[in-house]
J.: 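The structure follows.
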Amino acid sequence: MNNAREFNFDGLVGPTHNYAGLSFGNVASSSNIKSASNPKEAALQGLAKMHALSQRGFGQALLPPQDRPNFRLLRQLGFTGTDAQMIEKAARASPVILACAYSASPMWTANAATVSPSADTADGRTHFTVANLNNKLHRSFEHTQTERALRAIFHDEQHFAVHQALPPTPAFGDEGAANHTRLCAQHGAAGVELFVYGRSEFDPAISGPKRFPARQTIEASQAVARLHGLNESGVVFVQQNPDTIDQGVFHNDVIAVGSGNVLFYHEEAFVDEKASIEKCRIAMQQIGAELNPVRVESKWVSVADAVSSYLFNSQLLMKSDGKMALLVPQECSENPAVASYLKNLVSDNGAIDELLSFELRQSMRNGGGPACLRLRVVLTERQASAMHQGVVFTDALYSRLTAWVERHYRDTLLPEDLADPALAIEVQTALTELSGILNLPNLYEH
Ligand code: SUG
């Protein structure tokens with residue numbers, strides 16, 4: 001076993017955070033369509049979470065926002081002329097396409113990639129497969145810049161392997177770590193990688209949801225496991241319950257979260273709960289670990305309450321004494337059933353003995369809770385020093401970034417503001433400065 005630490009790479013919220021209702025199947029995104037957002041507050045809420053965890057001694061880093069609007073998309077879709085003319089034409093012809101080109105969705109870095117730490121992989125490197133996110137137009141082009149950012153940060157090929165996104169076709173719909181959970185005894189020990197898929201392209205025996213889309217296929221999950229060189233006995237594939245997808249559970253991380261040997265999940269999360277948990281238990285036994293399932297019953301917290309409070313979209317943080325802290329969004333304390341469940345959870349002497357609550361409402365209103373905002377990367381000491389240091393969270397970086405946000409971000413953004421070409425220039429100025437702060441000079445090159 002190596003001496004390893006988990007880093008949370010949070011997405012720094014970009015200056016164009018807005019509510020465009022682009023994610024069919026994501027209840028919060030659809031309900032808040034066209035309301036005013038506050039990009040400044042969104043970014044500061046995210047930074048406050050990063051700062052608090054870094055102060056507590058947890059490994060914390062960030063992934064930068066992407067440049068917006070995506071002029072390449074606008075050109076590809078037939079808009080011509082100067083940047084300003086393309087924006088004006090798109091605003092007139094199709095505000096929804098312009099909103100896609102402007103989306104700040106890369107903030108939800110749980111969807112950036114699937115990550116397998118070196119303890120699990122055949123070649124002893126940490127593997128990343130960038131997610132293609134091909135279910136939604138506004139997310140389908142994130143992978144280009146995500147790959148560039150990951151290659152810049154994890155550039156040392158002796159330690160890291162970054163794989164490009166899977167083919168952008170429905171058969172390989174891949175949403176990254178949102179549908180992937182790593183279970184283990186210790187972060188640095190070999191683990192069990194649990195892949196949760198929503199449907200199959202080629203197997204008619206697997207039936208998917210009826211109302212909302214299943215974004216992850218089993219074929220994609222299997223491809224990622226192959227690319228990462230995972231040992232078959234350490235990999236578990238289970239199907240997400242299609243009925244919950246139809247109730248708004250668009251990713252597995254809206255209904256389950258795991259870390260260490262703890263799997264915190266809702267009884268309706270998987271197609272065959274008993275068999276799914278048994279598979280995890282057996283795989284854990286094979287690596288000499290014992291699964292600790294924390295099961296939430298529907299009579300305590302309904303699926304609807306789980307979706308509205310984002311109880312399971314929480315961060316399970318392993319503390320130095322081996323116990324877990326659960327970082328939940330503020331909405332959990334506003335839901336009586338969830339609040340009372342949580343009170344009992346931390347007082348019953350189980351694995352989870354501490355609650356941390358954060359105000360992340362700006363992101364939550366687009367369906368992005370604490371767990372969506374971070375990508376977990378377990379790194380050995382050598383790997384941690386081999387990655388690019390400019391993205392590692394420090395007090396100094398926190399002060400520089402809060403000042404940068406205060407200087408460049410608007411405090412109100414309405415859908416019609418996206419038609420203003422001045423916004424594109426503001427974004428470009430802000431991001432150019434950011435690449436200097438993070439010491440990533442080639443981040444926004446085309
Ligand atoms: O893909 N929302 C994101 C939220 C992602 C949450 N991530 C995880 N569960 N890991 C999505 O649905 C809304 C954008 C808008 O409507 O403007 C959006 O993309």
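We count ligands from 1, going down the list as the structure has it; atoms in each ligand are counted the same way.
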J.: Is the shortest side-chain N to carboxylate O distance from D120 to R125 below 4.0 Å?
T.: no

J.: Please list, in number order, the atoms of ligand 1 under 4.0 Å from a heavy atom of A110.
T.: 10 (N)

J.: Indicate the atoms forming the closest heavy-atom contact of I437 with L401, along with that distance.
T.: CG2-CD2, 4.1 Å

J.: Of all the non-hydrogen atoms in the protein, which one sits nearest to atom 8 (C) of ligand 1, and at what distance?
T.: C372 SG, 2.8 Å

J.: Does a side-chain N-to-carboxylate-O contact under 4.0 Å join K323 and E354?
T.: no

J.: Please state which protein non-hydrogen atom is closest to atom 11 (C) of ligand 1 and give its distance, to 0.1 Å?
T.: S23 OG, 3.4 Å

J.: Can you tell me which residue and heavy atom of the protein come closest to atom 10 (N) of ligand 1, and the distance to 0.1 Å?
T.: D253 OD2, 2.7 Å

J.: Would you say the side-chain atoms of Q60 and Y398 include a donor-acceptor pair closer than 3.5 Å?
T.: no

J.: Near A20, which atoms of ligand 1 are under 4.0 Å from a heavy atom of that residue?
T.: 15 (C), 16 (O), 17 (O)

J.: Could D243 and K210 be called an ion pair, given the rule that one side-chain N must be under 4.0 Å from one carboxylate O?
T.: no

J.: With a cut-off of 4.0 Å, which atoms of ligand 1 are near a heavy atom of N26?
T.: 2 (N), 3 (C), 4 (C), 11 (C), 12 (O)

J.: Of the backbone atoms (N, CA, C, O) and the side-chain heavy atoms from C-beta on, which set of K136 has a member under 4.0 Å from an atom of ligand 1: side chain, backbone, both, or neither?
T.: neither

J.: So does R199 pair up with E219, basic N to acidic O under 4.0 Å?
T.: no

J.: Kindly assign one of parallel, tilted or perpendicular to the pair Y310 and F250, based on the angle between their ring planes and the thresholds 30° and 60°.
T.: tilted

J.: Indicate yes or no: does an N/O atom of E175 lie under 3.5 Å from an N/O atom of ligand 1?
T.: no

J.: Atoms of ligand 1 less than 4.0 Å from G21 heavy atoms?
T.: 15 (C), 16 (O), 17 (O)

J.: Can you find a non-hydrogen atom of L133 under 4.0 Å from ligand 1?
T.: no

J.: If you take the nearest heavy atom of each of L375, L373, T109, N366, which one is closest to atom 13 (C) of ligand 1?
T.: N366

J.: Can we say E426 and R407 salt-bridge, meaning some charged N sits less than 4.0 Å from an Asp/Glu carboxylate O?
T.: no

J.: Counting only heavy atoms closer than 4.0 Å, does ligand 1 sit against the backbone of N18, its side chain, both, or neither?
T.: backbone

J.: Which ligand 1 atoms are under 4.0 Å away from a heavy-atom of G367?
T.: 4 (C), 6 (C)

J.: Under 4.0 Å from any heavy atom of S29, which atoms of ligand 1 are there?
T.: 13 (C), 15 (C), 16 (O)

J.: Return the closest protein heavy atom for atom 19 (O) of ligand 1 as residue, atom name and distance.
T.: H138 NE2, 2.7 Å

J.: Going by distance alone, is a donor N or O of one side chain under 3.5 Å from an acceptor N or O of the other, for N313 and D253?
T.: yes

J.: Is the shortest distance from a Lys or Arg side-chain nitrogen in E359 or K49 to a carboxylate oxygen in the other one below 4.0 Å?
T.: no

J.: For H251, take its heavy atoms, then give the atoms of ligand 1 lying under 4.0 Å from any of them.
T.: 7 (N), 8 (C), 9 (N), 10 (N)

J.: Would you call E88 and R92 a salt bridge, taking side-chain N to carboxylate O under 4.0 Å as the test?
T.: no

J.: With respect to N111, determine whether any N or O atom, backbone or side chain, lies less than 3.5 Å from an N or O atom of ligand 1.
T.: yes

J.: Looking at A178, which atoms of ligand 1 are within less than 4.0 Å of one of its heavy atoms?
T.: 10 (N)

J.: Side chain, backbone, both or neither: which applies to M107 and ligand 1 if a contact is any heavy-atom pair less than 4.0 Å apart?
T.: neither

J.: Indicate whether any N or O donor in one side chain lies under 3.5 Å from an N or O acceptor in the other, for Q145 and D67.
T.: yes

